[in-house]
Amino acid sequence: MKDPQFKAIVWQTMAAIPPGKVATYGQIASLSGYPGHARGVGHILKKLPPETLLPWHRVINAKGEIALPAGSEGHQMQKQRLEQEGIHFQDDKIRLRLYQWDGIVSDQTPET
DNA sequence: GTTGTGACTACCA
DNA sequence: ATGGTAGCCACAA
């Protein structure tokens, strides 16, 4: 679809992620009203300016890890920020995945 | 205009 | 459980 609002909505959804919690691209897309558009979200994040105030670091892939290439600038920063928010990592993978805010649905933890 | 690429996912083998 | 494939979208050339 060609919804010019897509980007804006994604931004809002992303901004709604509370500290200490993270969401996957797919969740962002779904919550934004566009299920299945995870990739679009990813691209939008990439397009975000470095000085953005959006909590882009709280967005991770479905595997529970940082989507950015390991070793890249963003990857390191994101990991650092997440740990700063109290999110525990385990071999570059997030252990706690809490998708739950504003009374919105929650996701189960794979593995557990 | 089409083609290719990418901070993704879900599904099937 | 791991690996390959197809579907999605936005953007650059």
Side-chain angles (χ1 to χ4, degrees):
Chain A
M1 73 187 52
K2 308 167 140 277
D3 192 336
Q5 292 288 292
F6 181 60
K7 192 163 54 174
I9 295 179
V10 169
W11 287 345
Q12 285 188 56
T13 305
M14 189 174 4
I17 305 174
K21 300 190 179 181
V22 296
T24 67
Y25 293 85
Q27 273 237 308
I28 297 290
S30 295
L31 292 173
S32 298
Y34 301 83
H37 302 61
R39 208 161 189 181
V41 175
H43 201 222
I44 289 176
L45 289 201
K46 182 166 69 169
K47 265 298 204 179
L48 284 174
E51 57 274 5
T52 183
L53 305 199
L54 291 172
W56 59 271
H57 54 276
R58 294 182 193 138
V59 183
I60 59 175
N61 62 17
K63 300 178 204 121
E65 39 186 308
I66 298 176
L68 289 98
S72 66
E73 192 80 20
H75 183 131
Q76 297 179 55
M77 176 168 65
Q78 179 167 14
K79 182 177 178 182
Q80 185 181 311
R81 280 189 161 184
L82 288 175
E83 294 187 319
Q84 192 176 75
E85 304 236 327
I87 296 178
H88 179 7
F89 271 84
Q90 179 166 40
D91 190 44
D92 287 15
K93 292 171 194 119
I94 292 180
R95 184 116 90 111
L96 310 175
R97 358 173 93 233
L98 321 155
Y99 314 114
Q100 181 171 24
W101 61 83
D102 288 341
I104 299 187
V105 196
S106 60
D107 199 338
Q108 82 296 336
T109 70
E111 219 57 51
T112 38

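Computed from a prediction, not measured in an experiment: that's the story for all the values here.
One interatomic measurement links the two molecules: NZ of A:K63 to P of C:dT2, which rounds to 12 Å at whole-angstrom precision. Separating the CD1 atom of A:I44 from the C1' atom of B:dT5 is a distance of 16 Å, rounded to the nearest angstrom. Atom C1' of nucleotide B:dC8 and atom CD1 of A:I66 are separated by 15 Å, given to the nearest angstrom. Rounded to an integer number of Å, the gap from A:R39 CZ to C:dA10 P is 13 Å. Going from atom CG of A:N61 over to atom C1' of C:dC8 covers 16 Å, rounded to whole Å. As rounded to whole Å, 11 Å separates atom P of B:dC8 from atom CD of A:Q78. One interatomic measurement links the two molecules: OH of A:Y25 to C1' of B:dG6, which rounds to 11 Å at whole-angstrom precision. Going from atom CH2 of A:W56 over to atom C1' of B:dC8 covers 17 Å, rounded to whole Å.
What you find for A:T13 and A:S32 is that their closest heavy atoms are OG1-OG, 2.7 Å. Across A:M14 and A:I28, no two heavy atoms sit closer than the pair CA-CD1, 4.2 Å.
Interatomic distance, CD of A:Q84 versus CE of A:M77, reported as 11.5 Å (0.5 Å rounding).
The side chain of A:H37 contributes an N or O atom lying less than 4.0 Å from OP1 or OP2 of C:dC9. Of the side-chain N and O atoms in A:K47, one or more sit less than 4.0 angstrom from OP1 or OP2 of C:dA12.
Taking the six-membered ring where tryptophan is involved, the planes of A:H37 and A:F6 are tilted, since the angle between them lies from 30° to 60°.
Minimum atom distance to the side chain of A:H43 is reached by C:dA10, of the listed B:dT9, C:dA10, B:dA7.
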